[in-house]
Amino acid sequence: MPIDEALLERMLLRESVSEFLYREADLLDERRYTEWLDMLAEDYQYSVPLRMNVAFGETDAREETRAGREICWFDEGKETMSLRVDQLNTGLHWAEEPVSRISHLVTNIRLDAVELPEVAVSCRFLVYRNRVADETDFLVGRRKDRLRQVGDSWHVVRRELLLDQSVLLAKNLSIFV
Amino acid sequence: MTTVEEPTRTGAPQVRNLVDVKNGEISREIFIDEQIFKNELENLFPRAWLFVGHATQVPEPGDFFSSWMGADPVLLTRDDKGELNVLLNSCRHRGMRVCRYDEGNTLQFTCPYHAWSYSIDGSLVDTPGALHGVPQQKAAYGTNLEREKWGLVRAAQVHNYKGLVFANWDPEAPSFDEYVGDFHWWLDNLADAFDGTEGGTEAFRGVHKWRIRSNWKFVSENFLGDTYHGASTHASVEAVGIGPGGKGKRRHGERQNEGGFSKGRMKTSFRRGHGASDNLAYEIPYPEFEEAELDEYFVAAWEKRKEKLQAEGRLLGGRGPATLFPNMSFAAGFPRTILVAHPISPTETEVWRWYLVDKSAPEKVRDWLRHYYMRYAGPAGMTEQDDMENWDYATEASRGVVARRYPYNYQQGLGQETASDLDGSVHSHHAIAGEVNARAFYRRWAEFVDNLSWPELTELARVDDRATERDAVVTDVAEGVKVLDAVDVVDGPPAQ
């Protein structure tokens, strides 16, 4: 049977991307934040817009707030991300003291576009947090990542999350989603 | 003082006995008890002036914004005459929430249940919100349905204060101006642009909304004048530094050598229940920015405002953090944001945050502020995250049978209030360690929850007994600063 070289290449690429995203989830859940920061490009941009309840015909115009112009849950670069890591590393950040138990599940991984050295990846995420005793949060939604090839690994360049909640049911977002 | 008294003739427990202002002890029951919570919903929220939204959220005729007033969902709308209306979001037929959208534009709300429709367009109905369409009206009601009586319930009073929209369900309630009193100076600084232009601010699109497992009063109290929690609660964010000066700089950006808490920024406490973490005599300097373009904007704004206010004989201070009784909190400097703590149950609250910006701010300033707001406040804000941890677990650990027998301590600066020139208010004796604001807040809270009449409430707030009952130790804030500097060195991060 002849081998479809193009398909094989694409599968290997997806495998490489998936491995990278799973490793990232491990670093976050193992609280290796400083190492995790190294997976982000220097020009990293992260945005999580607010989601609103709007009429059927108005979803395009109104359903999400716009990164770059309006209030979001997050809309920031690597510098602010680093500050968040610094805060977690003080040991005085009471929102995560005692530390939470967190699992990042990443699934439905697809390559939306391959423009090497960059690829556009879409996936679903489920972030579970449990802390103290019964404080439990589920953050679920869609994610679009832009990754850049660096040697035999990747950097995350851009990440856009759509969190499936309008009123945030978690008391805070003191974890990396 | 820790047990709820026998019901009075109105069937409500007396909460006044749970708030011992004289000794600075407040029962935990007021943060936990179901019946007290019901009395708050019944006697406090439908009589208080509540913040509903910002006028710039509904700029065009037909625009609406969904909000809450206490336990009730409301719609803030703009009608075709440009007037603002606040309508109860519940169909008069079977109660369905006629609008489940957070925002939008429409000229009528049609209930999905049986399609009663309510117009907000004054050209179709005499009163915006009136019942406009009833399916099969003739077959169902003949000529008996008096449509003018079955419109959406309207808030009895609505007041647009420089873009800040407030409403009150009680037609007997005093006017907004009377309810607010001299606390309006803080609202002015919130609503006016940084250069002093009246009402020169607008709300960014996007309101942070999130649930916490805390009593709503923890939130109000925190911004009312609790400058005491900053050093501990916000130690981590202060260690990291997220302020205007860049990494490693204080999160509010005060120039500490020119003022701040080390210069005795006394709090202001109003007999009407409002409170602020600062006073009008103390002006926060504009922050130091890393970038010159930002510096230029704020230097010019501060200068222009100073000139304008001094010409009007006004003092330059009053940026909070502050709380307008009962549940609207705000800061009018860095950051500039409004919070409302919506009560859901004794131990659950939905917190909303709006963010304001000068209408005339250039893109660079707008963008810098927007980023600063998001890293500072809201559930992802590096400062506010830690507040929620405290409010939630303070609530949880106060629920126990034994815990509830022991009151909270509110004794800081007991009996050491200093007189104020503002109507019905006093200042704290100390910039950080003073709980005079909280004591006044809970005293007023109890008066409302015990359902005192408007004449009684008005009479009680007419004179501030804290400043008149004894010889004032210190007669004004400026004097207080001198005394403080002589005996104490105050250094700690500010509130919020």
[X] side chain to [Y] main-chain N or O, any donor-acceptor pair under 3.5 Å?
X         : Y        : value
His371(B) : Asp75(A) : yes
Arg370(B) : Glu70(A) : yes
Asp102(B) : Asn53(A) : yes

Q: Heavy-atom pairs under 4.5 Å with chain A are the metric here; pick the option from Met382(B), Met388(B), Arg211(B), Met374(B) that has the most.
A: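 Result: the option with the highest number of such pairs is Met382(B).
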
Q. Top residue by heavy-atom pair count (under 4.5 Å) with chain B, among Glu64(A), Arg66(A), Arg69(A)?
A.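 Ranked by contacts with chain B, first place is Arg69(A).
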
For [X], which atoms come within 4.5 Å of any heavy atom of chain A: side chain, backbone, both, or neither?
X         : result
Arg366(B) : neither
Arg375(B) : both
Val207(B) : backbone

Q) What parts of residues 130-138 of chain A touch chain B if we use heavy atoms and a cut-off under 4.5 Å? A)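 Checking residues 130-138 of chain A against chain B gives Arg131(A), Val132(A), Asp134(A), Glu135(A).
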
Q: Spell out the residues in residues 166-175 of chain A that have some non-hydrogen atom less than 4.5 Å away from a non-hydrogen atom of chain B, in order of number; otherwise answer 'none'.
A: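 Those residues of residues 166-175 of chain A which have a heavy atom under 4.5 Å from chain B are Ser166(A), Val167(A), Leu168(A), Leu169(A), Ala170(A), Lys171(A), Asn172(A), Leu173(A), Ser174(A).
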
Tell me whether [X] at atom [atom1] has more than 12 heavy atoms from other residues, nucleotides or ligands lying less than 6.0 Å away.
X         : atom1 : value
Arg101(A) : CZ    : yes
Ile3(A)   : CD1   : no
Lys78(A)  : NZ    : yes
Glu58(A)  : CD    : yes

Please examine the side chains of [Y] and [X], heavy atoms only from C-beta on, and report whether any two atoms are closer than 4.5 Å.
X         : Y         : answer
Arg205(B) : Arg62(A)  : yes
Glu96(A)  : Gln385(B) : no
Leu92(A)  : Glu238(B) : no
Pro379(B) : Trp73(A)  : yes

Q) How many angstroms lie between atom NE2 of His93(A) and atom CD of Glu389(B), to the nearest 0.5 angstrom? A)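 If we round to the nearest 0.5 Å, His93(A):NE2 and Glu389(B):CD are 9.5 Å apart.
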
Return all side-chain donor-acceptor pairs below 3.5 angstrom for residues 146-154 of chain A, not counting sequence neighbours, or 'none' if the list is empty.
unit_1	atom_1	unit_2	atom_2	d
Arg146(A)	NE	Glu118(A)	OE1	2.7
Arg146(A)	NH2	Glu115(A)	OE1	2.5
Arg148(A)	NE	Glu118(A)	OE2	2.8
Arg148(A)	NH1	Asp43(A)	OD1	3.4
Arg148(A)	NH2	Asp43(A)	OD2	3.0
Arg148(A)	NH2	Glu118(A)	OE2	3.2
Ser153(A)	OG	Arg23(A)	NH2	3.3
Trp154(A)	NE1	Ser16(A)	OG	2.8

Q. In terms of heavy-atom proximity below 4.5 Å to chain B, should Thr90(A) be classed as side chain, backbone, both, or neither?
A.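 Interface part for Thr90(A): side chain.
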
Q. With only heavy atoms counted, which part of Gln87(A) is less than 4.5 Å from chain B, the side chain, the backbone, both or neither?
A.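 Both the backbone and the side chain of Gln87(A) come within 4.5 Å of chain B.
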
Q.
I need the full list of salt bridge (charged side-chain N to carboxylate O under 4.0 Å, His left out) pairs touching residues 56-78 of chain B, with sequence neighbours left out, sorted by first then second residue.
A.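 Listed by first then second residue: nothing to list.
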
